[in-house]
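In what follows, every chain begins at residue 1, and chains take the letters A, B, ... in the order their sequences are listed. For the numbers below, each heavy atom of this structure counts, side chains included, while hydrogens, waters and symmetry mates do not.
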Amino acid sequence: MEYGKERVVALVDMDCFYVQVEQRLNPALKNKPCVVAQYKTWKGGGIIAVSYEARDHGVKRNMWVADAKKLCPDLEVARVRESHGKADLTHYREASVEVIEVMSRFAVIERASIDEAYMDLTSAVQERLKDMTNKQIDPNLLRNTYVQGFPQNASDEQESAQELNKEVERSRGLEQWLSSLPATLTTDQCPSEVQLTLGAVIVEEMRAAVEKDTGFRCSAGIAHNKVLAKLACGLNKPNRQTILPMDSVPELFNSLPISKIRNLGGKLGNL
DNA sequence: CATTGTCCCAGC
DNA sequence: GCTGGGACA
């Protein structure tokens, strides 16, 4: 395999994880602008997680609840449990273990934080390839998958129309990507693009299992290394996954501040 | 007091 | 080993 494309790596990131944990506990909070905050006394407490509905109102992490309520008057606020005067996150840690257990059925997991895990899918992809020999990949196995850089050659006119319907563009891009792959799969000489795609099929299954067994939704990135998988994960959130083919990396890097790349966000990002 | 907590790593 | 800084959520 070509240098830099030896592995298939995924990064799975739970969508506003603390909010989802609170929503599972209290279903009345579901589908509402909602935050999780800690420490009530100063300006209503500090926000540490924000639902996507609340983000639409401009509510951000690290805001004070009092300020967020100005932006979003009907904001629902869940509180972090406190024990001996300290914020107690064990509740979220336990939920994290539930998720890790489901994901571990599919691959060896490297836990990166309470709501993120990396996984090396290289051998799982090889196994899947055996079952897929002389078949092709059904787009229905990739209903939540974006391919970064696809569709190619979209005119400006098409592009603006597609902004109105992200799903149309996603589906067109996926079809175009799949038709660029070899017509039938073989175990010997399997292009890295096919390997990424089979990785994405596995991640679709894994994410469906996580939602079925825990109720939690997540996003994911599939690429050839951890840094690119993490970057890909952020491209289509929430509840979606993104393949980042190596050939799409140069254009993506041109259009992205380097501070978006892991470990280049702080001091180095300001150069 | 008013960003808190956690993890990782370099330097000692 | 311990600690402080840096990065992230």
Side-chain angles (χ1 to χ4, degrees), chain A residues 9-24 33-72 75 77-100 103 108-120 207 210 214 216-221 223 225-242 253 256-271:
Chain A
V9 175
L11 180 272
V12 177
D13 183 297
M14 306 310 294
D15 301 325
C16 52
F17 186 47
Y18 292 6
V19 170
Q20 287 201 81
V21 172
E22 296 296 339
Q23 286 173 329
R24 189 177 71 170
C34 178
V35 295
V36 175
Q38 59 187 1
Y39 304 122
K40 200 163 181 166
T41 45
W42 187 261
K43 298 189 174 186
I47 293 171
I48 58 173
V50 186
S51 77
Y52 282 78
E53 292 85 349
R55 293 182 201 200
D56 290 342
H57 292 259
V59 176
K60 300 235 167 68
R61 167 178 257 273
N62 297 339
M63 273 181 181
W64 301 113
V65 168
D67 297 331
K69 281 248 168 99
K70 290 175 202 156
L71 295 170
C72 181
L75 189 68
V77 181
R79 302 280 169 186
V80 175
R81 294 224 157 60
E82 269 183 56
S83 58
H84 353 274
K86 281 273 153 203
D88 177 17
L89 304 178
T90 52
H91 199 211
Y92 309 112
R93 291 206 186 92
E94 285 165 8
S96 174
V97 170
E98 281 182 56
V99 172
I100 296 290
M103 294 195 305
V108 175
I109 303 301
E110 179 193 351
R111 215 190 122 153
S113 74
I114 197 167
D115 74 336
E116 285 185 334
Y118 290 94
M119 56 209 69
D120 189 323
R207 292 179 45 250
V210 167
T214 71
F216 299 133
R217 291 181 169 182
C218 57
S219 301
N225 62 57
K226 286 166 66 173
V227 169
L228 291 180
K230 168 77 175 163
L231 183 60
C233 180
L235 295 175
N236 294 288
K237 283 188 176 187
N239 201 29
R240 293 292 182 268
Q241 58 184 64
T242 306
F253 274 25
L256 217 62
I258 67 157
S259 60
K260 293 287 175 197
I261 294 155
R262 190 167 90 135
N263 293 331
L264 304 182
K267 213 173 215 188
L268 287 167
N270 293 328
L271 291 177

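No contact: A:Lys60 has no heavy atom under 4.0 Å from any strand. A:Tyr39 comes within 4.0 angstrom of the backbone, heavy atoms only, and of no base. At the heavy-atom level, A:Arg93 lies under 4.0 Å from the strands shown only through sugar-phosphate atoms.
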Quiz prompt | Heavy-atom protein contacts under 4.0 Å, nucleotides 3-9 of chain C, coded B base, S sugar-phosphate only, - none | solution = ---SSSB

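A:Asp88 has its CG atom 12 Å from the C1' atom of B:dG5, to the nearest Å. Between the CD1 atom of A:Ile47 and the P atom of B:dG5 there is a distance of 17 Å, given to the nearest Å. What separates CG of A:Leu89 from C1' of B:dG5 is a distance of 7 Å, to the nearest Å. What separates CZ of A:Arg81 from C1' of B:dG5 is a distance of 19 Å, to the nearest Å. Atom-to-atom, OH of A:Tyr18 to P of B:dT4 comes out at 15 Å; the value is rounded to the nearest Å. Rounded to a whole Å, the CD atom of A:Glu110 is 13 Å from the P atom of B:dC7. A:Lys226 places its NZ atom 15 Å from the P atom of B:dC7, with the value rounded to the nearest Å.
Here, B:dT3 and C:dG6 have their C1' atoms 15 Å apart, quoted to the whole Å.
In this structure, A:Arg81 places its CZ atom where only 12 or fewer heavy-atom neighbours from other residues, nucleotides or ligands lie under 6.0 Å away.
For the residue pair A:Asp15 and A:Ser219, a side-chain donor N or O sits within less than 3.5 Å of a side-chain acceptor on the partner. No side-chain donor-acceptor contact under 3.5 Å links A:Tyr92 and A:Gln20.
Summarising the geometry of A:Arg240 relative to A:Asn236, their closest heavy-atom pair is CB-O, 3.2 Å, with the distance given to 0.1 Å. A:Met103 and A:Val210 get closest at one heavy-atom pair: CG-CG2, 3.8 Å.
Residues A:Tyr18 and A:His91 have side chains not in contact (no heavy-atom distance under 4.5 Å, counting atoms from C-beta outward). The closest side-chain heavy-atom distance from A:Pro238 to A:Arg217 is not below 4.5 Å. Counting heavy atoms from C-beta on, the side chains of A:Val36 and A:Val80 come closer than 4.5 Å.
Ion pairing between a basic and an acidic side chain is recognised when a charged N comes within 4.0 Å of a carboxylate O; A:Glu82 and A:Lys40 show no such pairing.
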Under 3.5 Å, which N/O atoms of the protein pair with N/O atoms of nucleotides 10-12 of chain B?
none

